[in-house]
Amino acid sequence: MTVLRVIAVLLTGFFVGLTLEGIARKIMARVQRRYGPPWYQNFIDVFKALSKRGISHGWIFDFGILMALGGVIATLAFVPLGDLVAFPGLDNIFIIVYLFAVGALGMAMGMVGSGNPNASIGVARALTQMLGYEVPYLVAIAGVLYYYKTSSVSGLMMAQQDTWTLFKMPIGGIVAFISLLGMLGKKPFDTPIAPAEIASGPMVELSAKYMGLLMLMHTFSIFVEISLFVDIFLGISNYLTFLLKFTVVWIIATLISAVLPRFRIEQVVKFYWKVPLSLAFVQVLFVLLGWVF
Amino acid sequence: MRRFISIVIVFGLIMFFINTLSLLPKYGSVNISKVSEAYIDKNVNGNGGNVKYNESESLENGAANVVTSIVVDYRSFDTLGEVTVLFTAALGVSLVLNGIRRKKYGRRPNFILRVSVGILLPLIILFGTYIFIHGHLTPGGGFPGGTIIAAGILLLYLSNEEFDLSKTPKFVEGISGSLYIVTGLVGLAIAGVFLINFLPTGIVGDLFSAGIVPIVYILIGFKVGAELSGIVADLHREG
Amino acid sequence: MISLTNLILVFLIGSIVSYLLTKANKILGSIFNFLLISYALYVVWNIKVGHEEVLFRILRDVERTLKVTNLGKYFAIVSLIVISFVAFFIIEWIRKKDIKPAAFNSFLLLMVSGILGVFFSNDLLTLYIFWEIAVLGSFLIVPMGKKESKRAAIIYVVTSAIGSYMYLFATFSIYQRYGILSFEQVSQYLANDSSNLFKWFVILFIASAGIAKSGIFPLHTWLRITHGNAPDAFSAVLSGQLVKMGSYVLAIALSVFPTTQLFSSFYHGVPLLNYVLIWLGNISILIGTFMAIRQNDMKQLIAFSSIANGGYILVGLGIMNSIGYAGGLFHVFNHAIAAAMIFLSFAAVVYRTGTTKIDEMGGLIWRMPWTFVTYLVGIISLAGIPPTSGFISKWMIFSSLVSKGMFITLAITFIGSVGSFLYVFRPLAGVFLGQLKRKHSDVKEVPIIMLVPMLLFVILTILIGVYPKPVLDSIVSIENEVGIKAIEHSGTIIKTPLGQWNTLTVFTMFSVGFIIAAILYMIFPKGKKVDLTDQYTGGEYLYNYDLYHYATGFYRFIERLYDKHPSFEKLYEKLVSFFRYIGYFTYKLVYKTSPSGYVFWITIVILILFWVRW
Amino acid sequence: MVYYIAFILIGVGIYGFLTQKNLFKHLVSLTIVDTAVNIFIISLGYIEGKEAPIYSKYTPIANFVDPLPQALVLTAIVIGVGTLALGASLLIKVYEKYGTLDVEQIATKEAEE
Amino acid sequence: MSALLIIIPLLAGFLFIPFKEKAKYILPLVVITTLIILLLLSPDQTNAMGGWKAPFGIVLVLDSASYYSLLVVNIVFLLISLMPQIVEKGYSVVLLILLASTNGLVLTGDIFNSFVFLEITAVAAYIIAFSRKNPYGAFKYLILGGISGAFYLLGAIYAYIGTGSLNFADISVNIKEGFLPIVALLIFIGIGVESKIFPLAGWVPDVYDSGSPLTPVILGTGVTFTIMYLFGRIFITVFHGYFLDVVFIFGLLTIVLGELAALRQNKLIKALAFSSIAQAGLVLSTISLGGYEAIKFGYFHLLNDISAKLVLFIIAATIAHNFTENKIAGVSFSIASFSLIGFPLFAGFRSKLLILQLAFSKDNYLLPAVVLFATVIEAAYILKWNIKLWHSTNTGEEKQKISWNVNLILLIVALLIIFIGIFPDLYLKMAQNIADGLTNYRAYVTNVLGGM
């Protein structure tokens with residue numbers, strides 16, 4: 001039974017993720033007053049990349065990509081999509097956050113293994129950025145955990161009987177959203193992949209199949225991050241309403257990223273540890289004192 | 001500034017000592033302690049009593065000069081230590097200044113000195129020996145006698161450039177020192193007590209009285225004379 | 001099964017025997033070492049808990065006993081596993097160690113005898129005695145490393161002396177106040193002692209020995225120099241095991257004398273004393289993490305990570321609720337194994353390349369793949385990433401902190417754990433990945449004897465990562481012994497009030513994901529194998545590919561944020577020079593002056609005494 | 001009365017130590033202190049109107065001053081002489097080695113070593 | 001009969017003055033004879049010199065305290081005499097005199113006699129201090145010794161005025177009450193210079209650094225023990241522990257400042273000199289805690305310190321650079337330094353532990369804090385030297401090889417230190433007897449004055 005649920009989760013992740021990415025490109029284009037490619041463009045890119053014959057830099061290069069994709073798939077399996085929960089009771093928030101790190105580490109290792117310094121710089125930036133957005137995110141989530149006294153994501157979702165956690169702890173919601181932007185690697189926080197400075201960072205040596213696999217990994221990771229946000233902050237939702245909330249959050253994120261320029265990497269860390277972290281602490285103080293809406 | 005501090009400190013020190021005066025008896029009106037009382041009446045072992053010069057006979061000590069009786073008989077262990085200090089000092093001087101040749105000052109001692117030494121030297125030596133022979137009768141004793149002899153030797157050094165004592169003072173010093181200890185050991189052998197006065201003490205006042213006191217003082221006289229002349233000799237050596 | 005005292009005696013005599021053996025033949029001596037240590041592991045493994053032995057008598061009415069407690073047994077097994085693996089590693093490593101191999105082996109055994117004594121002593125004084133023997137043993141080995149290790153040894157001994165002498169001070173004040181020294185009696189007397197100040201003083205001073213040894217905040221400066229410069233194989237033992245002695249004393253100070261009963265709760269059931277210690281742990285996590293990111297010498301980098309992890313253990317132990325305490329103890333195991341694994345791989349790297357500077361190396365994965373695998377699994381466990389055991393303890397500490405609601409500590413532990421991704425990645429990228437330097441092109445993999453312990457470590461970490469039952473069982477037994485509500489875990493599922501997770505499902509899910517990715521990888525056309533130097537260089541032509549390796553100043557952009565950080569080493573340096581100046585001042589004033597100076601002092605003494613007396 | 005003289009002499013000796021720069025002067029002040037102490041000891045033994053402690057024609061019966069301090073002084077003087085002799089020879093060696101007896105110059109020379 | 005212990009070395013000294021160099025061979029013989037005599041004597045007897053009973057004549061007291069102190073001092077002299085390499089040309093006679101004077105100091109029961117023997121020891125020490133081109137140090141020591149002698153003499157005279165006689169027992173029984181402070185102060189100054197108390201012992205580093213190994217070894221061990229014994233005899237038996245609180249403060253001062261000064265020395269001998277100052281301070285402050293236990297542990301620590309110093313000084317003076325050639329010396333050096341710091345397997349640990357336990361039982365928290373602080377500093381500089389000597393690479397200068405007999409003695413003492421570390425009751429029994437002798441002054445008085 002769980003196998004079916006896992007497959008369902010993966011498939012949704014694949015199809016919904018790719019389509020939404022296509023839509024995002026459409027929205028981006030509209031903001032820049034151009035038509036933009038059709039919404040199924042991403043499907044074409046993925047299949048085209050996978051069919052080509054690229055180059056590989058040794059066994060660690062391949063192993064890195066496999067580990068990245070494997071990690072993200074595993075993380076995705078644990079994430080509850082609304083009421084569709086692959087492993088009821090075992091989906092602990094810390095597991096998801098730290099399993100996600102396996103994917104990140106695999107990708108980082110593979111890219112640096114390629115030997116190109118641009119990749120190393122990109123990975124260093126990615127890790128620093130992670131240091132930046134991870135801490136406020138986890139503090140905010142810890143506030144929520146402390147309030148609801150459970151750390152399983154589906155439990156958190158179910159606990160939002162009366163109002164959404166977003167309304168119960170608005171500051172926590174804002175902090176989580178800002179770090180969500182950092183996690184997605186969208187425009188204001190896409191220094192690790194900055195195409196202008198370090199030739200698209202870690203992806204510099206990727207070609208064809210590896211590029212395709214990485215695109216897949218990217219979509220799955222986006223899907224994990226946003227679904228986490230939706231589950232925790234946006235109230236109880238069955239499968240369909242979950243997807244609806246998912247697309248709304250996704251659209252807002254793309255809109256924000258379409259207009260903002262790129263941060264420098266020190267600014268990212270400084271920003272994350274100045275504004276969101278203090279906000280998170282304020283929120284946690286409120287939770288401790290019991291001032292929750 | 002440094003002088004001012006030292007004056008203050010010295011003043012403080014003197015005040016410290018003056019403060020102790022309150023304890024001491026007034027100058028001149030000291031009452032004799034029980035120990036010195038016994039030394040004067042020579043009745044440490046209880047069979048003393050009034051001592052009269054030239055009359056009392058075979059007392060426990062017999063030396064007319066009470067100070068000598070203390071120095072050589074009652075507290076002779078002190079003097080043994082005393083002699084060792086001088087011995088070590090002389091030894092030290094010879095070790096520190098292990099000179100080989102006689103130091104030449106390059107100027108001839110003037111005529112008067114050279115001639116008068118011939119006359120004076122025997123007198124000085126005679127006077128020195130007199131002092132330490134009569135140690136137990138007249139004031140003075142082994143130490144002053146020895147110093148006088150050494151002064152004679154010094155006079156010799158000053159009077160002519162070539163004069164140099166050979167190793168003889170070392171021998172004299174060694175022998176007299178060990179003889180002194182041997183007398184003590186004889187007392188130990190006979191009476192089981194080190195440095196006891198095993199000879200008869202005779203009549204207070206005449207030459208051959210007071211047991212081993214004169215013998216010891218003569219030996220000390222020789223020893224001190226040899227040592228001090230040894231020191232004088234070392235000071236005159238160089239290289 | 002020989003008794004503990006004989007075991008300790010065997011090690012003391014063994015150290016002399018191993019000295020002679022190694023003098024005869026290096027390898028023979030090291031093999032003897034390994035056999036003896038593994039025999040000790042065997043003895044300790046199946047020794048019965050509660051087994052008591054009388055050792056010897058120093059103070060009149062307090063006779064010394066050795067008593068096997070769960071806590072001691074757990075720590076002893078962890079340490080002996082680390083040391084026996086390292087001893088096996090040394091068999092090959094000693095061949096290249098030119099200076100004093102015989103002394104190295106003999107002092108190693110001396111240290112192990114000290115360690116055994118520490119973990120099984122039943123009262124404060126025996127623990128101090130064996131503690132000093134262990135310090136002596138390790139002190140004699142440290143200076144055999146690089147040039148800087150001479151100074152490191154001094155700093156090491158002085159810091160641990162400060163800690164252990166405060167400990168001794170507390171021991172004697174207890175002895176003077178109660179007349180007893182063994183742990184149970186002391187905890188009873190402390191429990192019904194009235195004066196709060198005395199309890200604070202005693203526990204803080206006893207904990208100070210632990211703080212000094214496990215490199216917690218005020219006394220952490222020695223770790224960087226000692227681990228960085230000690231002989232490579234020994235720094236694995238030093239950080240893997242000796243630091244754990246410090247955690248052991250901290251565990252005793254916190255749990256054997258149950259601080260929770262001694263003091264009223266200050267914040268959600270955590271007494272003020274624990275709160276202070278937790279904050280010390282926090283500061284050392286911050287210092288360890290941020291300083292590790294800056295380091296360019298890989299061994300010093302991991303030394304700083306030991307400071308951070310020491311802080312973790314203290315935070316874990318300090319919380320004193322079932323999850324937190326279990327997390328702290330589990331982290332002792334993880335960090336011991338991970339640190340030893342990493343240091344062994346560094347020893348292998350240094351064995352081949354001779355340098356520990358990250359920027360002088362690169363691309364060693366192509367020549368030393370197995371060392372790379374060890375290092376990779378090591379950092380995964382150190383950073384606390386799920387499939388390995390490192391994650392379990394971090395997860396426990398996080399959930400206990402959340403349930404206690406201590407959010408600032410929680411934030412700092414997050415910084416520590418995310419920060420650990422950064423600094424463990426730096427050697428990975430700088431040493432193993434990236435361009436292979438020309439001078440290292442002929443580097444070969446380390447001989448098999450060195451690889452065996454490393455790979456055993458790898459298997460052990462993953463095994464415990466997936467199936468943590470044996471470690472969790474011993475932790476449960478410890479918690480029962482210490483009187484804390486034990487955590488419930490069944491098979492591979494760990495339950496906490498906040499939530500639970502199954503290590504097995506995580507692992508299977510990860511491998512399933514990996515298989516899916518592999519299938520996708522297999523279906524599509526294979527990539528053409530390309531040489532390392534065939535890179536996208538944006539059009540410019542490169543002659544010397546050594547320069548094409550990004551390792552120097554890997555995190556320069558973060559380091560720039562806190563360049564002017566307060567350095568405690570400089571502070572302690574100033575302190576030492578201040579003492580030295582007083583010494584110089586007295587020497588100049590009293591001992592070196594002219595005779596008038598001497599007389600001056602005599603008169604001053606007279607005047608003072610005169611003034612005081614009258 | 002004589003006590004004051006003895007104490008002032010000790011003071012002079014100590015003052016000599018504290019202020020003088022030349023080492024030989026230190027030796028001299030040492031002798032001053034020794035003699036001052038000896039004077040003090042002798043003065044403690046003196047009793048008004050009593051004779052020197054020797055049985056002789058002129059003082060046949062015991063009407064003497066306290067003999068013990070005099071005996072002790074005899075020893076103390078000889079010790080003073082011993083120390084003085086050794087001090088003088090050491091000074092010769094100091095002069096040979098440093099070429100000067102001034103304390104400052106010796107300190108500078110020693111600092112150079 | 002106990003006078004023989006002083007007379008025989010003296011006689012040998014006097015006889016061998018003309019041929020000083022030959023004295024080197026008879027030195028061991030003399031020391032052995034004195035040891036044999038000592039072993040033959042029974043511990044509680046008093047011999048009046050010259051047959052004059054106690055308060056009048058000079059009395060040599062041989063009770064359990066002086067018996068065991070003599071044993072220690074003679075054994076130290078025996079060890080030194082078995083090492084002719086370290087004795088300078090012609091210095092054996094000085095050693096003989098020194099042996100006689102140290103035995104005298106231990107035995108004497110008369111305050112003026114102790115002054116005389118103190119002066120003999122001092123003069124012999126000046127000569128030894130001069131041994132190899134160190135005239136300035138020796139001269140400074142002479143000046144300091146001279147002045148302290150003068151003060152000691154003043155103290156003796158005040159005691160004489162106070163009690164009427166010069167005998168220790170007599171003084172301890174009937175000294176007039178006003179005199180005690182002044183006498184104690186003056187004697188404290190007199191002995192303070194010799195027993196290395198902080199402000200008074202300015203001579204120690206320069207004299208110990210005199211270049212020849214003999215000076216630090218004999219002054220650091222034999223003479224120090226005698227002076228400490230004399231200190232105990234006077235301040236405990238005679239003054240019934242009157243002045244000890246002042247001594248306690250000076251002792252603490254000595255420990256702290258001695259250790260700090262040692263921290264900055266760059267010559268091994270000077271560092272060890274300061275360490276011996278600090279250890280002397282520790283012994284003094286332990287003794288001045290007062291009570292039978294305190295004295296017992298104080299002397300126990302003194303015994304440990306002396307055995308460690310014996311080894312350290314010989315090595316520091318002969319081969320002050322690396323140990324690569326002479327391993328045995330290196331090992332014994334390390335063992336001695338570990339015992340000095342107080343690592344568990346060694347003797348020093350036992351004595352430090354007992355001192356700490358004692359201080360705590362007397363509710364004195366200052367001494368343990370100072371002792372532990374001093375041990376931390378001591379660990380710093382002694383281990384620095386330990387490492388520097390073991391791992392120094394400059395094998396440039398002359399490869400001085402220690403001769404076999406010195407090595408043998410070093411090893412024996414080192415093994416003794418370990419043995420004491422494990423079974424301390426050999427030294428403890430000695431310290432116990434010394435403490436017995438010193439503390440029950442009633443037995444001392446009846447023994448000496450014969451129940452006058």
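Quantities reported herein were computed from a predicted structural model and do not represent experimental measurements. In what follows, every chain begins at residue 1, and chains take the letters A, B, ... in the order their sequences are listed.
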Under 4.5 Å from a heavy atom of chain B, the part of [X] involved:
| X | answer |
| --- | --- |
| Leu84(D) | neither |
| Ile47(D) | both |
| Tyr3(D) | side chain |
| Ile10(D) | side chain |

What residue, out of [options], has the most heavy-atom pairs lying under 4.5 Å from chain B?
| options | answer |
| --- | --- |
| Phe7(D), Phe64(D), Phe17(D) | Phe7(D) |
| Ala76(D), Gly82(D), Ala71(D), Gly45(D) | Ala71(D) |
| Phe40(D), Tyr4(D), Tyr46(D) | Tyr46(D) |
| Val78(D), Leu68(D), Leu90(D) | Val78(D) |

Residue part contacting chain D, namely of [X], when any heavy atom lies under 4.5 Å:
| X | result |
| --- | --- |
| Ile14(B) | side chain |
| Ile5(B) | neither |
| Phe17(B) | both |

Report task. Find out whether Val66(B) and Ile54(D) are in side-chain contact, i.e. whether some heavy atom of one side chain is under 4.5 Å from a heavy atom of the other. Result ->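 No - every pair of side-chain heavy atoms lies 4.5 Å or more apart.
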
Query raised in the report: Is there side-chain contact between Leu235(B) and Ile92(D), with heavy atoms separated by less than 4.5 Å?
Result: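 Side-chain contact under 4.5 Å: yes.
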
Do you know which two heavy atoms are closest between [X] and [Y], and how far apart they sit?
| X | Y | value |
| --- | --- | --- |
| Val67(B) | Pro53(D) | CG2-CG, 3.5 Å |
| Glu82(B) | Ile79(D) | OE1-CG1, 3.3 Å |
| Ala85(D) | Ile231(B) | CB-CD1, 4.0 Å |

Quick one: of [options], who has the most non-hydrogen atom pairs under 4.5 Å with chain D?
| options | value |
| --- | --- |
| Ile32(B), Val93(B), Val85(B) | Val93(B) |
| Ala89(B), Pro139(B), Ala64(B) | Ala64(B) |
| Glu37(B), Arg75(B), Arg3(B), Glu227(B) | Arg3(B) |
| Val71(B), Asp78(B), Leu21(B), Val83(B) | Leu21(B) |

Query raised in the report: Once you round to the nearest 0.5 Å, how far does CD1 of Ile8(D) lie from CD1 of Ile18(B)?
Result: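 Atom-to-atom, Ile8(D):CD1 and Ile18(B):CD1 are 6.5 Å apart.
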
Query raised in the report: Going from CD on Glu96(D) to CG on Leu97(B), what distance comes out if it is rounded to the nearest 0.5 angstrom?
Result: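 The CD atom of Glu96(D) sits 8.0 Å away from the CG atom of Leu97(B).
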
Query raised in the report: With a cut-off of 6.0 Å (strictly less than), are more than 12 heavy atoms of other residues, nucleotides or ligands near CZ of Phe222(B)?
Result: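 Count not over threshold, so no.
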
